There are 2 protein chains.
Amino acid sequence: MQPNDQDLAFVMHDLARLMRVRFDQHARTWGMTRAQCVALMKLKCRPGMSQSELAALLEVEPITVGRVIDRLEAAGFVERRPDPADRRMHRLHLRDAAAPIIEKIDEYRAAGIARFHDGVPDEDWNMALSVLLRIKEKILSESADTAAASATAVSGE
Amino acid sequence: MQPNDQDLAFVMHDLARLMRVRFDQHARTWGMTRAQCVALMKLKCRPGMSQSELAALLEVEPITVGRVIDRLEAAGFVERRPDPADRRMHRLHLRDAAAPIIEKIDEYRAAGIARFHDGVPDEDWNMALSVLLRIKEKILSESADTAAASATAVSGE
DNA sequence: TCAAGATGATAAGCAGGGCTATTTTAAGGC
DNA sequence: GCCTTAAAATAGCCCTGCTTATCATCTTGA
């Protein structure tokens, strides 16, 4: 067996999963799911987005966003307003009922960040952050390379 | 908008998602899913597990493992052997057809780890690792507290 | 011994992701 | 102006994961 406990990728994955599960449990007590909460937070920051824009922001497929919005709309948290200029599009807006939920999410986030940061020296924290960012850059640049390569292959150059 | 790009939790989450998606894409080219690959790797390390044991190892619910095994069995990669002593249980074993897949997974992992580590000084890498481990410990101890509290509440003490 | 509880597997139903394909509508190219 | 292409949303299907419930089978204690 590999020493997975000492593999940064594995630990990170584990930790992300733990945080995800914890958040899921809290969200459930509010009658929400994680995906729904994240969508609300993004809409709060930038109202009037189309579903495609939201999908790009969340880095998921438009169809996934569409179904999350279905539920948020049914729950009365979001409304789809037709775009006056482009009849293909819906503009997404929060409704008043979403405000208490958003407040809960913000409280949960602030408390969590404070608790995790507590007891970890700033320089260590920042170092961890910078290493993760470096890895992320690498992955993103690799993905870009791959995308460029496939594009070239498709165009036949 | 919060400075999410500088929030360790968000970056970690993002990065974990990126790695997950990348692996999913590769697994798909082999005709596999990530969950199936992970199950194969665990079974390789410890053949003869029951589904419950595998579920505990993967930290998912037994029903989830059951369905993954359904597919792996249908594909001829795994077999369920009845336990001679306990007729409730199935013992899981790899079949020969799984060997090439396992080799691909191992190659992918080794290459990925090497690439991410490349260019990051060892001390930085280890610092990042230790910060993540500290956060993980905190979350786990909090969960334990919560579990103990609910247990106390249930038992009426 | 036998009834009650614990455990392994599975089913049903819901939610969130993905992929592929379709429909409707805009935007450009001729 | 017409025709082709691109974009927005959606439908259908699959896989994974959760919760809750069911069934069969141990295991244990009165």
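Every value quoted in this text rests on a predicted model; they were computed, and no experiment measured them. Just so it is clear: chains get the letters A, B, ... in the order the sequence lines come, proteins before strands, and each one is counted from 1.
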Tell me whether the OP1 or OP2 atom of [N] has a side-chain N or O from [X] closer than 4.0 Å.
X: A:Thr33; N: C:dG16; result: yes
X: A:Arg71; N: C:dA15; result: yes
X: B:Arg20; N: D:dG17; result: no
X: A:Gln51; N: D:dT10; result: yes

Inset, instruction - Check DNA chain C against residues 52-64 of chain A and give the residues with a non-hydrogen atom under 4.0 Å, in numerical order. - result: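 When residues 52-64 of chain A is checked for heavy atoms under 4.0 Å from DNA chain C, the hits, listed by number, are A:Glu59, A:Val60, A:Glu61, A:Ile63, A:Thr64.
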Within this structure, what is the [atom1]-to-[atom2] distance between [X] and [N], rounded to whole angstrom?
X: A:Arg17; N: D:dT16; atom1: CZ; atom2: P; answer: 17 Å
X: B:Asp83; N: C:dA9; atom1: CG; atom2: C1'; answer: 13 Å
X: A:Arg87; N: C:dT23; atom1: CZ; atom2: C1'; answer: 14 Å
X: A:Arg67; N: D:dA9; atom1: CZ; atom2: C1'; answer: 12 Å
X: B:Phe23; N: C:dG18; atom1: CZ; atom2: P; answer: 17 Å

Inset, instruction - Look up atom NZ in A:Lys44 and atom CD1 in A:Ile105, then write down how far apart they are to the nearest 0.5 Å. - result: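 Going from NZ on A:Lys44 over to CD1 on A:Ile105, the span is 9.0 Å.
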Inset, instruction - Measure the CE-CG distance between B:Met41 and B:Leu94 for me, rounded to the nearest 0.5 Å. - result: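 One gets 10.0 Å once the value is rounded to the nearest 0.5 Å.
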Inset, instruction - Check every atom of D:dA9, D:dA6, C:dA15 against the side chain of A:Arg88 and return the nucleotide holding the closest atom. - result: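 Shortest atom-to-atom distance from the side chain points to D:dA6.
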Legend entry - Closest listed nucleotide, where the reference is the side chain of A:Ala35 and the choices are D:dA9, C:dG16, D:dA6: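 Output: C:dG16.
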Legend entry - Results of side-chain contact (heavy atoms from CB on, under 4.5 Å) for A:Glu53 - residues two or more places apart only: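 Once residues adjacent in sequence are excluded, the partners of A:Glu53 under the side-chain contact (heavy atoms from CB on, under 4.5 Å) criterion are A:Met49, A:Ser50, A:Arg91.
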